[in-house]
Enquirer: 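One structure follows; several queries about it will come next.
Residue numbers count from 1 along this sequence.
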Amino acid sequence: MPLVTTTEMFKKAYEGGYAIGAFNVNNMEIVQGITEACAETRSPVILQVSKGARAYANHTYLTKLVEAAVIENPELPIALHLDHGPDFETCKSCIDGGFTSVMIDGSSLPFEENVKLAKRVVEYAHDHGVVVEAELGTLAGIEDDVNVSAEDSSYTRPEEVEEFVARTGCDSLAIAIGTSHGAFKFKPGTKPQLRFDILEEVSKRLPGFPIVLHGSSSVPQEFVEMINTYGGAMPGAIGVPEDQLREAARMAVCKINIDSDLRLAMTGVVRKYFAEHPDHFDPRQYLKPARNSIKEMVKHKLINVLGCDGKF
């Protein structure tokens with residue numbers, strides 16, 4: 001099937017008490033690992049491209065990789081989404097370039113400016129059959145071009161969500177309930193806890209409306225240990241507990257972004273491979289197990305965290 005929007009995906013996810021996995025892609029192996037896992041588990045998927053990924057791999061290369069995934073997996077529902085679009089121009093470029101969904105991230109702006117920017121993107125996107133995700137509240141952490149200090153982060157204010165959605169016309173809303181970008185989300189020794197009270201209040205104010213969580217990697221400790229064992233230095237990398245993400249998926253959260261976990265899986269396996277095969281130099285030799293590692297990580301997330309396996 002051709003690329004789809006997230007409209008039907010989110011409707012089914014909301015009603016079914018599960019979430020769609022949104023995975024950031026940068027190269028062929030990542031696209032293959034994700035889509036092979038989704039095809040095998042019969043899970044719909046959102047392939048995300050950030051501004052940084054477009055700068056790294058080029059818009060055309062990325063869209064053609066996704067096009068190849070569509071051809072190779074004709075039954076798999078795939079949406080192509082811009083992650084953290086920083087401005088109207090970037091969103092417009094992706095809309096014009098074949099994306100079926102875009103995110104406009106005006107969360108760092110004052111409320112009125114965020115509304116104005118999101119509404120402009122929504123109007124253009126809807127005229128071209130594309131859906132829009134917007135954001136209220138600011139997540140801490142670092143991911144590509146997103147860099148927000150803990151001091152500048154803020155939880156979503158539930159009393160603002162109805163007005164924001166009504167005035168912008170956005171199709172889904174990313175909120176801040178305690179997740180954060182990157183692999184260093186929480187301090188060692190602390191107990192991570194999402195603000196389910198905020199999520200519950202938002203869902204009461206926006207019944208049936210799809211909510212999105214960014215910064216939701218769980219940072220599997222086996223891969224942190226693997227990276228550190230084979231020459232890395234990532235002490236204290238801690239993510240969001242998977243059971244809390246599963247609980248969010250049973251509620252109003254219809255899309256959960258997972259990025260760092262895949263990078264950790266890939267990096268850990270590559271580091272281990274080079275340590276065990278110091279004489280190897282062919283990229284195919286170390287990228288094949290890296291791709292398999294991504295595939296197994298995604299399958300675990302689809303089944304045990306998102307609960308979206310068998311949903312097409």
Side-chain angles (χ1 to χ4, degrees), residues 5-7 10-11 13-14 19-20 22 46 48 50 81-88 90-91 101-126 130-143 145-181 185 192-216 240 244-245 247-257:
T5 70
T6 56
T7 302
F10 288 168
K11 182 178 183 295
Y14 198 105
I20 307 298
I46 300 168
Q48 298 193 149
S50 66
H81 176 73
L82 169 65
D83 189 29
H84 288 289
D87 49 46
F88 175 81
T90 303
C91 292
S101 174
V102 297
M103 176 194 184
I104 178 62
D105 184 359
S107 60
S108 62
L109 300 173
F111 182 83
E112 288 297 329
E113 292 182 33
N114 192 358
V115 167
K116 182 179 179 181
L117 176 60
K119 183 179 180 181
R120 185 184 180 199
V121 172
V122 167
E123 289 174 347
Y124 187 83
H126 286 183
V130 174
V131 296
V132 177
E133 172 190 331
E135 182 168 0
L136 266 181
T138 308
L139 274 64
I142 301 173
E143 179 186 355
D145 294 324
V146 179
N147 189 337
V148 179
S149 68
E151 293 76 17
D152 292 331
S153 64
S154 61
Y155 289 115
T156 299
R157 294 165 57 87
E159 61 269 24
E160 294 180 340
V161 298
E162 292 167 283
E163 179 183 357
F164 185 84
V165 169
R167 290 177 60 187
T168 63
C170 65
D171 303 282
S172 61
L173 184 66
I175 64 173
I177 61 170
T179 57
S180 62
H181 295 296
K185 302 182 187 301
Q193 181 60 54
L194 299 184
R195 290 287 304 274
F196 287 106
D197 57 322
I198 295 177
L199 176 56
E200 289 175 357
E201 183 61 26
V202 168
S203 63
K204 288 179 183 177
R205 292 172 178 268
L206 296 173
F209 193 81
I211 301 301
V212 175
L213 287 187
H214 286 253
S216 299
V240 181
Q244 293 190 33
L245 294 174
E247 181 62 26
R250 292 189 182 98
M251 300 169 68
V253 174
C254 296
K255 171 178 177 270
I256 294 180
N257 288 22

Enquirer: Before giving the answer on side chain to side chain contact (heavy atoms under 4.5 Å, CB included), spell out for F10 and I46 the whole-Å C-alpha distance, their side-chain angles and the decisive distance to 0.1 Å.
Expert: CA-CA 11 Å; F10 288 168; I46 300 168; 4.0 Å; yes
Enquirer: Just grab all the salt bridge (Lys or Arg N to Asp or Glu O under 4.0 Å) pairs involving residues 163-179, residues at least two apart or on different chains.
Expert: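 Qualifying pairs, neighbours excluded: E112-R167, E163-R167.
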Enquirer: Take M103 and L82, measure what side chain to side chain contact (heavy atoms under 4.5 Å, CB included) needs, and give me the verdict at the end.
Expert: CA-CA 6 Å; M103 176 194 184; L82 169 65; 5.7 Å; no
Enquirer: Taking all atoms of both residues into account, what is the closest heavy-atom pair of L117 and G106, and its distance?
Expert: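 The answer is CD2-CA, 4.4 Å.
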Enquirer: Test side chain to side chain contact (heavy atoms under 4.5 Å, CB included) on T6 and I20; report intermediate values, then the result.
Expert: CA-CA 9 Å; T6 56; I20 307 298; over 6 Å; no
Enquirer: I need the F164 CZ to E135 CD distance, nearest 0.5 Å.
Expert: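 If I round to the nearest 0.5 Å, the distance is 9.0 Å.
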Enquirer: Write down the atom of F196, the atom of A248, and the distance for their closest heavy-atom approach.
Expert: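 For F196 and A248, the tightest heavy-atom pair comes out as CE2-N, 3.8 Å.
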Enquirer: Between K204 and E200, does at least one N-O distance fall below 4.0 Å, as a salt bridge requires?
Expert: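 A salt bridge is absent here (no side-chain N lies under 4.0 Å from a carboxylate O).
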Enquirer: On a heavy-atom basis, which atom in C91 and which in G85 lie closest, and how many Å separate them?
Expert: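 Shortest heavy-atom separation between C91 and G85 comes out as SG-CA, 4.3 Å.
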Enquirer: If I take atom NZ from residue K255 and atom CD1 from residue I211, how far apart are they, to the nearest 0.5 angstrom?
Expert: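 Output value for this atom pair is 12.0 Å.
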Enquirer: Report the distance from atom CZ of R120 to atom CG of D87, rounding to the nearest 0.5 Å.
Expert: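 Those atoms lie 9.5 Å apart.
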Enquirer: With rounding to the nearest 0.5 angstrom, report the CG to CZ distance, L173 to F209.
Expert: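 Between L173 CG and F209 CZ, I get 6.0 Å after rounding to 0.5 Å.
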Enquirer: Quick one: do R250 and E247 make a salt bridge, cutoff under 4.0 Å?
Expert: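 Counted as a salt bridge, because a side-chain N and a carboxylate O are separated by less than 4.0 Å.
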Enquirer: Measure across V122 and G169 and return the closest heavy-atom pair with its distance rounded to 0.1 Å.
Expert: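 In terms of heavy atoms, the two residues are closest at CG1-O, 3.6 Å.
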Enquirer: State the OG1-CG distance between T179 and L213, to the nearest 0.5 angstrom.
Expert: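 It comes to 5.5 Å.
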Enquirer: Within the supplied structure, the quantity of interest is the number of heavy atoms (other residues, nucleotides, ligands) at a distance under 6.0 Å from R157 CZ; does it exceed 12?
Expert: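 12 or below, so no.
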Enquirer: Please walk me through it: do N257 and V212 pass side chain to side chain contact (heavy atoms under 4.5 Å, CB included)?
Expert: CA-CA 8 Å; N257 288 22; V212 175; 4.1 Å; yes
Enquirer: If I take atom CG from residue D83 and atom NE2 from residue H214, how far apart are they, to the nearest 0.5 angstrom?
Expert: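 It comes to 5.5 Å.
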Enquirer: Taking all non-hydrogen atoms of both residues into account, name the closest pair between H126 and V130 and its distance.
Expert: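 It is CD2-O, 3.3 Å.
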Enquirer: Taking side chain to side chain donor-acceptor pair (under 3.5 Å) as the definition, give me every residue that meets it alongside T7, ordered by chain and number, with sequence neighbours left out.
Expert: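 Testing T7 for side chain to side chain donor-acceptor pair (under 3.5 Å), a comparison that skips the adjacent residues, returns T5.
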Enquirer: Looking at side-chain heavy atoms only, is the closest gap between E133 and S172 below 4.5 Å?
Expert: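 Yes. Closest side-chain heavy atoms under 4.5 Å.
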Enquirer: Taking T168 for its side chain and V115 for its backbone only, find out whether a donor-acceptor pair lies under 3.5 Å.
Expert: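 Not confirmed, T168 side chain does not pair with V115 backbone.
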Enquirer: Has Y14 got a side-chain atom pairing as donor or acceptor with P210's backbone, closer than 3.5 angstrom?
Expert: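 A pair under 3.5 Å: no.
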Enquirer: For S107, which residues count as a side chain to side chain donor-acceptor pair (under 3.5 Å) partner, sequence neighbours excluded?
Expert: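 Per chain and number, S107 pairs via side chain to side chain donor-acceptor pair (under 3.5 Å) with D105.
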Enquirer: Specify the closest pair of heavy atoms between S216 and L245, including all atoms of both residues, with the distance to one decimal.
Expert: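 The answer is O-CD1, 3.1 Å.
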